[in-house]
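What follows is one structure encoded as C-alpha coordinates, with my remarks underneath.
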Amino acid sequence: PADFPCSRIAPSPTGPLHLGNACTFLVNWALARNLGWRLVLRIEDLDQDRARAAGDTGTEESLRWLGIVHDGEVVRQSERLDSFARAMERLAAAGLIYESPHSRAEVREATAALGAPHADDAPARFPASLRPPPGPAWNFTRRDVNHRLRIDPGTITVHDRVAGEHAFDPGAREGDCIVWTKSGFPSYQLAVTVDDIAQGVTDVVRGDDLLPSAALQSIIHRALGAEPPRWWHLPLICEADGARMAKRHGALALSELRAQGVDAGRVRGLAAQWIGAIAAPRPLAPDAFRALVTEPILRTWHVGTRSAPPCLDERSLQWLHDS
Ligand code: GLU
(Lines give C-alpha, C1' and ligand atoms only; values in the text may rest on other atoms or scores of the structure.)
Protein backbone atom coordinates (compact mmCIF):
# COMPACT_ATOMS: atom_id res chain seq x y z
CA PRO A 1 0.00 0.00 0.00
CA ALA A 2 2.90 2.38 0.68
CA ASP A 3 3.53 2.35 -3.09
CA PHE A 4 0.08 3.82 -3.60
CA PRO A 5 -0.33 6.46 -0.93
CA CYS A 6 -3.91 7.53 -0.36
CA SER A 7 -5.68 9.93 1.96
CA ARG A 8 -9.31 10.69 2.57
CA ILE A 9 -11.65 13.53 3.43
CA ALA A 10 -14.31 12.06 5.71
CA PRO A 11 -17.01 14.55 6.69
CA SER A 12 -20.14 13.56 8.62
CA PRO A 13 -23.22 15.23 7.10
CA THR A 14 -24.66 16.12 10.51
CA GLY A 15 -24.36 19.84 9.83
CA PRO A 16 -22.85 22.22 7.28
CA LEU A 17 -19.05 22.47 7.05
CA HIS A 18 -17.47 25.45 8.84
CA LEU A 19 -14.25 27.42 8.43
CA GLY A 20 -12.36 25.04 10.71
CA ASN A 21 -13.32 22.12 8.46
CA ALA A 22 -12.27 24.22 5.47
CA CYS A 23 -8.79 24.69 6.92
CA THR A 24 -8.36 20.97 7.73
CA PHE A 25 -9.67 19.81 4.34
CA LEU A 26 -7.62 22.37 2.40
CA VAL A 27 -4.44 21.23 4.16
CA ASN A 28 -5.37 17.58 3.50
CA TRP A 29 -5.93 18.33 -0.19
CA ALA A 30 -2.68 20.34 -0.45
CA LEU A 31 -0.63 17.54 1.16
CA ALA A 32 -2.21 15.00 -1.17
CA ARG A 33 -1.41 17.04 -4.26
CA ASN A 34 2.10 17.97 -3.08
CA LEU A 35 3.06 14.44 -2.07
CA GLY A 36 1.34 12.53 -4.87
CA TRP A 37 -1.36 10.81 -2.81
CA ARG A 38 -4.77 9.79 -4.05
CA LEU A 39 -7.49 11.65 -2.17
CA VAL A 40 -10.86 9.99 -1.71
CA LEU A 41 -14.07 11.48 -0.37
CA ARG A 42 -16.02 9.40 2.12
CA ILE A 43 -19.30 10.62 3.55
CA GLU A 44 -19.65 9.25 7.09
CA ASP A 45 -23.44 9.16 7.16
CA LEU A 46 -24.12 6.30 9.59
CA ASP A 47 -25.88 8.60 12.03
CA GLN A 48 -28.97 8.83 9.86
CA ASP A 49 -31.12 10.60 12.45
CA ARG A 50 -28.71 13.47 12.85
CA ALA A 51 -28.03 13.59 9.11
CA ARG A 52 -31.76 13.78 8.40
CA ALA A 53 -32.22 16.48 11.02
CA ALA A 54 -29.42 18.51 9.43
CA GLY A 55 -31.05 18.37 6.00
CA ASP A 56 -28.97 19.01 2.89
CA THR A 57 -25.62 20.23 4.18
CA GLY A 58 -24.18 21.02 0.73
CA THR A 59 -20.92 19.27 1.65
CA GLU A 60 -19.80 18.40 -1.87
CA GLU A 61 -20.66 21.87 -3.22
CA SER A 62 -18.67 23.46 -0.40
CA LEU A 63 -15.62 21.31 -1.16
CA ARG A 64 -15.84 22.21 -4.85
CA TRP A 65 -16.16 25.87 -3.94
CA LEU A 66 -12.95 25.63 -1.89
CA GLY A 67 -11.17 24.14 -4.92
CA ILE A 68 -10.82 20.69 -3.40
CA VAL A 69 -10.96 18.03 -6.08
CA HIS A 70 -10.99 14.42 -4.92
CA ASP A 71 -10.25 11.23 -6.83
CA GLY A 72 -12.73 8.48 -7.73
CA GLU A 73 -16.29 7.84 -6.68
CA VAL A 74 -17.73 9.22 -3.45
CA VAL A 75 -18.14 6.46 -0.85
CA ARG A 76 -21.09 6.57 1.55
CA GLN A 77 -20.83 4.55 4.74
CA SER A 78 -24.60 4.01 4.85
CA GLU A 79 -24.19 1.80 1.76
CA ARG A 80 -21.49 -0.35 3.31
CA LEU A 81 -23.22 -2.12 6.18
CA ASP A 82 -22.37 -5.57 4.82
CA SER A 83 -18.65 -4.79 4.84
CA PHE A 84 -18.86 -3.66 8.45
CA ALA A 85 -20.75 -6.84 9.37
CA ARG A 86 -18.06 -8.94 7.65
CA ALA A 87 -15.39 -7.20 9.70
CA MET A 88 -17.41 -8.04 12.83
CA GLU A 89 -17.47 -11.70 11.80
CA ARG A 90 -13.73 -11.63 11.41
CA LEU A 91 -13.27 -10.10 14.86
CA ALA A 92 -15.68 -12.67 16.28
CA ALA A 93 -13.71 -15.52 14.69
CA ALA A 94 -10.63 -14.16 16.46
CA GLY A 95 -12.51 -14.20 19.78
CA LEU A 96 -12.25 -10.43 20.18
CA ILE A 97 -15.85 -9.26 20.45
CA TYR A 98 -18.76 -9.97 22.72
CA GLU A 99 -22.40 -9.00 23.24
CA SER A 100 -22.72 -6.31 25.88
CA PRO A 101 -26.40 -5.67 26.64
CA HIS A 102 -25.90 -3.48 29.67
CA SER A 103 -27.22 -0.43 31.51
CA ARG A 104 -28.74 2.85 30.32
CA ALA A 105 -25.42 4.62 30.66
CA GLU A 106 -23.92 2.18 28.22
CA VAL A 107 -26.73 2.64 25.79
CA ARG A 108 -25.94 6.36 25.96
CA GLU A 109 -22.34 5.56 25.21
CA ALA A 110 -23.43 3.34 22.34
CA THR A 111 -25.38 6.20 20.81
CA ALA A 112 -22.39 8.48 21.20
CA ALA A 113 -20.30 5.80 19.48
CA LEU A 114 -21.99 6.60 16.17
CA GLY A 115 -20.21 9.93 16.02
CA ALA A 116 -16.49 10.67 16.27
CA PRO A 117 -15.44 11.60 19.84
CA HIS A 118 -14.57 15.26 19.59
CA ALA A 119 -13.19 17.48 22.36
CA ASP A 120 -15.03 17.39 25.68
CA ASP A 121 -16.90 14.12 25.30
CA ALA A 122 -14.67 11.77 27.21
CA PRO A 123 -16.27 8.32 27.33
CA ALA A 124 -16.80 6.53 30.62
CA ARG A 125 -14.43 3.67 31.36
CA PHE A 126 -15.93 0.22 30.81
CA PRO A 127 -14.70 -2.26 33.45
CA ALA A 128 -13.30 -5.57 32.17
CA SER A 129 -15.34 -7.26 34.93
CA LEU A 130 -18.42 -6.73 32.75
CA ARG A 131 -17.08 -8.98 30.00
CA PRO A 132 -19.25 -12.10 29.75
CA PRO A 133 -17.77 -15.54 30.52
CA PRO A 134 -16.52 -17.55 27.52
CA GLY A 135 -19.49 -18.84 25.52
CA PRO A 136 -22.04 -17.91 22.88
CA ALA A 137 -21.96 -14.18 23.72
CA TRP A 138 -18.49 -14.04 22.08
CA ASN A 139 -20.05 -14.13 18.68
CA PHE A 140 -21.68 -11.95 16.07
CA THR A 141 -24.99 -13.65 15.47
CA ARG A 142 -27.29 -10.78 16.44
CA ARG A 143 -27.13 -7.33 14.89
CA ASP A 144 -29.52 -5.80 17.43
CA VAL A 145 -27.25 -6.00 20.49
CA ASN A 146 -24.33 -3.77 21.48
CA HIS A 147 -21.01 -5.51 20.91
CA ARG A 148 -17.65 -4.55 22.40
CA LEU A 149 -14.12 -5.18 21.26
CA ARG A 150 -11.78 -6.60 23.88
CA ILE A 151 -9.01 -4.05 24.52
CA ASP A 152 -6.41 -5.12 27.03
CA PRO A 153 -4.30 -2.53 28.87
CA GLY A 154 -1.05 -1.61 27.16
CA THR A 155 0.62 1.50 25.82
CA ILE A 156 0.17 2.43 22.18
CA THR A 157 2.47 5.13 20.83
CA VAL A 158 1.11 7.24 18.01
CA HIS A 159 3.93 8.64 15.83
CA ASP A 160 2.20 11.64 14.33
CA ARG A 161 3.78 13.50 11.42
CA VAL A 162 2.50 16.82 12.76
CA ALA A 163 1.77 16.37 16.46
CA GLY A 164 4.81 14.21 17.32
CA GLU A 165 4.83 11.17 19.60
CA HIS A 166 1.96 10.54 21.98
CA ALA A 167 1.42 7.53 24.23
CA PHE A 168 -2.08 6.29 25.04
CA ASP A 169 -3.48 3.31 26.91
CA PRO A 170 -7.02 2.88 25.56
CA GLY A 171 -7.51 -0.40 27.43
CA ALA A 172 -6.77 1.26 30.78
CA ARG A 173 -8.42 4.57 29.92
CA GLU A 174 -11.69 3.58 28.27
CA GLY A 175 -11.72 -0.21 28.40
CA ASP A 176 -13.49 -2.38 25.84
CA CYS A 177 -14.90 -0.22 23.12
CA ILE A 178 -18.29 -0.46 21.45
CA VAL A 179 -17.87 -1.61 17.87
CA TRP A 180 -21.49 -2.38 17.03
CA THR A 181 -24.62 -0.80 18.44
CA LYS A 182 -27.99 -2.33 19.14
CA SER A 183 -29.55 -0.07 16.53
CA GLY A 184 -27.77 -2.28 13.99
CA PHE A 185 -24.88 0.00 13.00
CA PRO A 186 -21.11 -0.15 13.49
CA SER A 187 -19.62 2.43 15.84
CA TYR A 188 -17.57 5.31 14.40
CA GLN A 189 -14.34 3.61 15.54
CA LEU A 190 -15.08 0.38 13.68
CA ALA A 191 -16.54 1.97 10.55
CA VAL A 192 -13.72 4.47 10.08
CA THR A 193 -11.11 1.72 10.43
CA VAL A 194 -12.84 -0.78 8.14
CA ASP A 195 -13.18 1.91 5.48
CA ASP A 196 -9.62 3.19 5.84
CA ILE A 197 -8.46 -0.39 5.23
CA ALA A 198 -10.93 -1.01 2.37
CA GLN A 199 -9.96 2.22 0.62
CA GLY A 200 -6.23 1.63 1.04
CA VAL A 201 -5.78 4.79 3.12
CA THR A 202 -2.12 5.23 4.06
CA ASP A 203 -2.28 8.80 5.40
CA VAL A 204 -4.98 10.13 7.71
CA VAL A 205 -5.15 13.92 8.00
CA ARG A 206 -7.74 15.33 10.42
CA GLY A 207 -8.31 17.48 13.51
CA ASP A 208 -6.25 16.67 16.59
CA ASP A 209 -9.31 16.10 18.76
CA LEU A 210 -9.16 12.63 17.19
CA LEU A 211 -5.53 11.99 18.19
CA PRO A 212 -6.49 9.64 21.09
CA SER A 213 -8.71 7.74 18.63
CA ALA A 214 -5.61 7.01 16.53
CA ALA A 215 -4.39 4.68 19.30
CA LEU A 216 -7.68 2.80 19.40
CA GLN A 217 -7.92 2.70 15.62
CA SER A 218 -4.38 1.30 15.45
CA ILE A 219 -5.56 -1.59 17.67
CA ILE A 220 -8.56 -2.20 15.41
CA HIS A 221 -6.37 -2.05 12.28
CA ARG A 222 -4.12 -4.77 13.69
CA ALA A 223 -7.07 -6.87 14.87
CA LEU A 224 -8.27 -6.81 11.26
CA GLY A 225 -4.83 -7.81 9.98
CA ALA A 226 -3.79 -4.41 8.61
CA GLU A 227 -1.01 -1.94 9.39
CA PRO A 228 -2.21 1.40 10.78
CA PRO A 229 -1.83 4.41 8.46
CA ARG A 230 0.47 7.38 9.02
CA TRP A 231 -1.25 10.04 11.12
CA TRP A 232 -1.27 13.79 10.53
CA HIS A 233 -3.36 15.44 13.26
CA LEU A 234 -3.83 19.17 12.74
CA PRO A 235 -4.62 21.85 15.34
CA LEU A 236 -8.26 22.90 15.52
CA ILE A 237 -9.43 26.45 14.86
CA CYS A 238 -11.36 28.10 17.70
CA GLU A 239 -14.15 30.61 17.86
CA ALA A 240 -13.22 34.11 18.99
CA ASP A 241 -14.18 33.13 22.58
CA GLY A 242 -11.80 30.17 22.49
CA ALA A 243 -14.54 27.53 22.13
CA ARG A 244 -14.17 24.78 19.57
CA MET A 245 -15.80 25.67 16.28
CA ALA A 246 -18.96 23.59 16.02
CA LYS A 247 -21.52 22.96 13.37
CA ARG A 248 -24.23 24.86 15.25
CA HIS A 249 -22.70 28.22 14.30
CA GLY A 250 -24.90 28.57 11.25
CA ALA A 251 -23.68 31.95 10.05
CA LEU A 252 -20.17 30.59 9.65
CA ALA A 253 -21.26 27.67 7.53
CA LEU A 254 -19.31 27.49 4.26
CA SER A 255 -22.57 27.17 2.34
CA GLU A 256 -23.74 30.41 3.96
CA LEU A 257 -20.49 32.28 3.22
CA ARG A 258 -20.71 31.13 -0.37
CA ALA A 259 -24.33 32.32 -0.60
CA GLN A 260 -23.22 35.69 0.78
CA GLY A 261 -20.78 36.00 -2.10
CA VAL A 262 -17.59 35.53 -0.06
CA ASP A 263 -14.58 34.79 -2.29
CA ALA A 264 -13.20 31.26 -1.71
CA GLY A 265 -9.72 32.73 -2.31
CA ARG A 266 -10.18 34.66 0.93
CA VAL A 267 -11.05 31.49 2.83
CA ARG A 268 -7.84 29.92 1.48
CA GLY A 269 -5.93 33.05 2.49
CA LEU A 270 -7.32 32.88 6.01
CA ALA A 271 -6.43 29.18 6.24
CA ALA A 272 -2.87 29.98 5.11
CA GLN A 273 -2.64 32.58 7.87
CA TRP A 274 -4.02 30.17 10.47
CA ILE A 275 -1.39 27.55 9.67
CA GLY A 276 1.28 30.21 9.93
CA ALA A 277 2.31 30.14 6.26
CA ILE A 278 1.65 33.86 5.73
CA ALA A 279 1.61 36.69 8.26
CA ALA A 280 -1.47 38.50 6.96
CA PRO A 281 -4.27 37.02 4.88
CA ARG A 282 -4.45 37.68 1.15
CA PRO A 283 -6.68 36.04 -1.47
CA LEU A 284 -5.04 32.84 -2.71
CA ALA A 285 -5.71 30.70 -5.77
CA PRO A 286 -5.85 26.96 -5.00
CA ASP A 287 -2.34 26.32 -6.33
CA ALA A 288 -0.89 29.27 -4.44
CA PHE A 289 -2.37 27.88 -1.23
CA ARG A 290 -1.12 24.40 -2.02
CA ALA A 291 2.44 25.59 -2.53
CA LEU A 292 2.50 27.06 1.00
CA VAL A 293 1.65 23.79 2.77
CA THR A 294 4.78 21.90 3.86
CA GLU A 295 5.52 19.44 6.65
CA PRO A 296 7.78 21.89 8.57
CA ILE A 297 5.08 24.59 8.40
CA LEU A 298 2.54 22.17 9.87
CA ARG A 299 4.90 21.12 12.68
CA THR A 300 5.69 24.70 13.59
CA TRP A 301 1.98 25.45 13.55
CA HIS A 302 1.36 22.54 15.94
CA VAL A 303 4.06 23.66 18.39
CA GLY A 304 2.89 27.26 18.30
CA THR A 305 -0.76 26.46 18.92
CA ARG A 306 -0.23 24.43 22.08
CA SER A 307 -0.32 27.70 24.02
CA ALA A 308 -2.56 29.78 21.73
CA PRO A 309 -4.87 28.03 19.26
CA PRO A 310 -5.71 30.02 16.12
CA CYS A 311 -9.06 31.76 16.41
CA LEU A 312 -11.62 33.18 14.10
CA ASP A 313 -11.62 36.78 15.34
CA GLU A 314 -13.72 39.76 14.23
CA ARG A 315 -10.95 41.09 12.00
CA SER A 316 -10.66 37.85 10.03
CA LEU A 317 -14.41 37.71 9.65
CA GLN A 318 -14.45 41.29 8.43
CA TRP A 319 -11.64 40.57 6.00
CA LEU A 320 -13.53 37.60 4.54
CA HIS A 321 -16.42 39.87 3.65
CA ASP A 322 -14.35 42.71 2.14
CA SER A 323 -13.97 42.40 -1.56
N1 GLU B 1 -16.37 11.79 10.15
C2 GLU B 1 -15.57 12.17 11.27
C3 GLU B 1 -16.00 13.53 11.77
O4 GLU B 1 -16.83 14.16 11.25
C5 GLU B 1 -14.09 12.24 10.96
C6 GLU B 1 -13.50 10.92 10.94
C7 GLU B 1 -12.02 10.89 10.69
O8 GLU B 1 -11.45 11.76 10.04
O9 GLU B 1 -11.43 9.92 11.14
O10 GLU B 1 -15.50 13.98 12.73
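Remember, it's 1-based here, ligands and their atoms both numbered in the order they're listed.
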Of all the atoms in ligand 1, which lie at a distance below 4.0 Å from a heavy atom belonging to S12?
1 (N), 2 (C), 3 (C), 4 (O)

Is R8 near ligand 1, meaning one of its heavy atoms is under 4.0 Å from it?
yes

Give the numbers and elements of all ligand 1 atoms closer than 4.0 Å to a heavy atom of A10.
1 (N), 2 (C), 5 (C)

Among residues at least two apart in sequence or on other chains, which ones pass side chain to side chain donor-acceptor pair (under 3.5 Å) with R50?
D47

What is the ring orientation for W232 with W37, classed by angle as parallel under 30°, tilted 30 to 60°, or perpendicular over 60°?
perpendicular

T202 side chain to C6 main-chain N or O, any donor-acceptor pair under 3.5 Å?
yes

Which ligand 1 atoms does R206 reach within 4.0 Å, using its non-hydrogen atoms?
7 (C), 8 (O), 9 (O)

Against heavy atoms of V192, which atoms of ligand 1 measure under 4.0 Å?
9 (O)

Here the atoms of ligand 1 under 4.0 Å from any heavy atom belonging to E44 are 1 (N), 2 (C), 5 (C), 6 (C)

For D287, check side chain to side chain donor-acceptor pair (under 3.5 Å) against everything at least two apart and list the hits.
R290

Ignoring hydrogens and angles, state whether a donor on the side chain of D313 or S316 is under 3.5 Å from an acceptor on the partner side chain.
yes

Which atoms of ligand 1 sit under 4.0 Å from any heavy atom of Y188?
6 (C), 7 (C), 9 (O)

Residue pair R42, Q199: steps toward the side-chain hydrogen bond (donor to acceptor under 3.5 Å, both in side chains) verdict:
CA-CA 10 Å; R42 180 169 77 226; Q199 294 184 280; 2.8 Å; yes

